[in-house]
2 protein chains.
Amino acid sequence: MARNTQQKRAILEVLETAERPLSIEEVYALAQKQCQSIGIATVYRNLKTLIEDGRLKGLDLPGGSMVYEMSEKEHHHHFSCLGCKKVFDVDVCFVKFDKLIPEGFSLHQHEILLSGLCKTCSTKD
Amino acid sequence: MARNTQQKRAILEVLETAERPLSIEEVYALAQKQCQSIGIATVYRNLKTLIEDGRLKGLDLPGGSMVYEMSEKEHHHHFSCLGCKKVFDVDVCFVKFDKLIPEGFSLHQHEILLSGLCKTCSTKD
DNA sequence: TTCTTAATGATAGAAGATTATCAATAATGT
DNA sequence: ACATTATTGATAATCTTCTATCATTAAGAA
């Protein structure tokens, strides 16, 4: 049966305490602080199984970068910084999209992706 | 100086007559109908230079698939079919996003990505 | 504590997308 | 028509991301 390893705990804690979605590399770097010997393959493996278990959500955003967040978060959208590539949460969603869909199409999900510069990147230079 | 080749003309015509954004493979397949000997490298090269010239826009959508459309089209959004992976245009955009952005952030662009099943894929099976 | 085996870490390998190479071709200036 | 050279087509090479392999480690049951 499944084991509760140091590595899995570290990865989960990183994502539980993050206040924005994280890339694999970010998860890896942060998990290393709790678990020095952790390998990148372990991060990939655990993120995959945690998504299968429904505990995490993977967001496949434009730019090719995948980011991860806990799945129990409320419905929200994202702001992607063109400078540092970090992804931030935007809590509001007030749009009724059903009406935009062409006749005969069925809508399963929607994602609003806002992009620009975050506070840090817009102030420097 | 730049030459107006058969290949470039074929690629442009394909995208000008398309009524939805096309993937590289789709552009390649359609361009071959006008220009049998065209190679995939030529498609890559021309799409790249046409984007640099501002005539095309590349949309980097979730799933890793890149699609291309003429850049002079009016502001609109996209519906991505989870079945056939085709991307369709959705003409409406009525949302004021500026108000959603956190303090200190600057918004450069927004993209609404709707996904589900297109007419064809939602009727079969 | 001992045993079983799930999980790990390091790295080789696979897979997919894009780019580089280079001889051959064809678009333009003359 | 000819010469020049930008562009092409075929394919090898690169790059990046993720997965497979496998000996080793350690979580949990007894």
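Because only heavy atoms are used, hydrogens play no part in the values below, and waters and symmetry mates are left out as well, while side chains stay in. Chain identifiers are assigned alphabetically (A, B, ...) following the order of the sequence lines, protein sequences preceding nucleic acid strands; residue numbering begins at 1 within each chain.
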*Asks:* Would you mind telling me which residue lines up with the more 5' stretch of DNA chain D, B/Met1 or B/Ser37, judged by nearest nucleotide?
*Replies:*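 Whichever sits nearer the 5' end wins; that is B/Met1.
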
*Asks:* A/Ile11 CD1 to C/dG9 P: how many Å, rounded?
*Replies:*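 Taking CD1 of A/Ile11 and P of C/dG9, I get 9 Å after rounding.
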
*Asks:* Separation of B/Lys8 atom NZ from D/dG9 atom P, in whole Å?
*Replies:*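 Between P of D/dG9 and NZ of B/Lys8: 13 Å.
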
*Asks:* Given atom CZ of B/Arg3 and atom P of C/dG29, what is their separation to the nearest angstrom?
*Replies:*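 Going from CZ in B/Arg3 over to P in C/dG29 covers 9 Å.
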
*Asks:* Side chains of A/Gln109 and A/His75: any donor to acceptor distance under 3.5 Å?
*Replies:*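 There is no such pair between these side chains.
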
*Asks:* For the pair made of CD1 in B/Ile51 and P in C/dT19, what is the distance, rounded to whole Å?
*Replies:*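 Computing the B/Ile51:CD1 to C/dT19:P distance gives 10 Å.
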
*Asks:* Can a side chain N or O of B/Asn4 be found less than 4.0 Å away from OP1 or OP2 on C/dA26?
*Replies:*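 No, no such contact exists.
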
*Asks:* Measure the distance from CG on B/Asn46 to P on D/dT7 and round it to the nearest whole Å.
*Replies:*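 Whole-Å distance recorded here is 9 Å.
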
*Asks:* Does D/dA6 have OP1 or OP2 sitting under 4.0 Å from an N or O in the side chain of B/Thr5?
*Replies:*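 Checking D/dA6 against B/Thr5, no side-chain N or O comes under 4.0 Å of OP1 or OP2.
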
*Asks:* Within less than 4.0 Å of OP1 or OP2 of C/dA27, is there a side-chain N or O belonging to B/Gln7?
*Replies:*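 Indeed not, no polar side-chain atom of B/Gln7 lies that close.
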
*Asks:* Tell me: OH of A/Tyr28 to C1' of D/dC18, nearest whole Å?
*Replies:*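 One finds 14 Å between C1' of D/dC18 and OH of A/Tyr28, rounded.
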
*Asks:* What nucleic acid atoms does A/Ile24 come within less than 4.0 Å of, heavy atoms only: base, sugar-phosphate, or nothing?
*Replies:*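 Counting heavy atoms under 4.0 Å across all strands, no contact is made by A/Ile24.
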
*Asks:* Quick one: is C/dT19 close enough that its OP1 or OP2 comes under 4.0 Å of any side-chain N or O from B/Tyr44?
*Replies:*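 So the side chain of B/Tyr44 is outside the cut-off, no N or O lying under 4.0 Å from OP1 or OP2 of C/dT19.
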
*Asks:* Name the closest nucleotide to the A/Ala2 side chain, picking from C/dT18, D/dT7, C/dA7.
*Replies:*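 Side chain of A/Ala2 sits closest to C/dA7.
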
*Asks:* Taking the six-membered ring for Trp, are B/His110 and B/His108 ring centroids under 6.0 Å apart?
*Replies:*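 Judged by ring-centre distance (under 6.0 Å), B/His110 and B/His108 do not meet the cut-off.
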
*Asks:* State whether the distance check finds a donor on one side and an acceptor on the other, under 3.5 Å, for side chain A/Arg45 versus base C/dG9.
*Replies:*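 Answer yes: a donor N or O sits under 3.5 Å from an acceptor.
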
*Asks:* On DNA chain C, check which nucleotide each of B/Lys48 and A/Cys35 is closest to and give me the residue with the more 5' one.
*Replies:*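 The residue whose closest nucleotide sits nearer the 5' end is A/Cys35.
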
*Asks:* Between the side chain of B/Ser80 and the main-chain N/O of B/Ser115, is any donor-acceptor distance below 3.5 Å?
*Replies:*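 Not at all, since once roles are kept as given, no pair shorter than 3.5 Å links the two residues.
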
*Asks:* Between the side chains of A/Arg20 and A/Glu26, is the shortest nitrogen-to-carboxylate-oxygen separation below 4.0 Å, so that they form an ion pair?
*Replies:*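 Salt bridge between A/Glu26 and A/Arg20, a charged N being under 4.0 Å from a carboxylate O: yes.
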
*Asks:* If I take atom CD in residue A/Gln32 and atom C1' in nucleotide C/dT8, what distance separates them, rounded to the nearest angstrom?
*Replies:*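 One finds 14 Å between C1' of C/dT8 and CD of A/Gln32, rounded.
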
*Asks:* How many whole angstroms separate atom CZ of B/Arg9 from atom C1' of D/dT7?
*Replies:*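 Distance check: B/Arg9 CZ to D/dT7 C1' gives 13 Å.
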
*Asks:* Okay, side chain of A/Ser122, backbone of B/Ser106: is any donor-acceptor separation there less than 3.5 Å?
*Replies:*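 Not a single qualifying donor-acceptor pair exists.
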
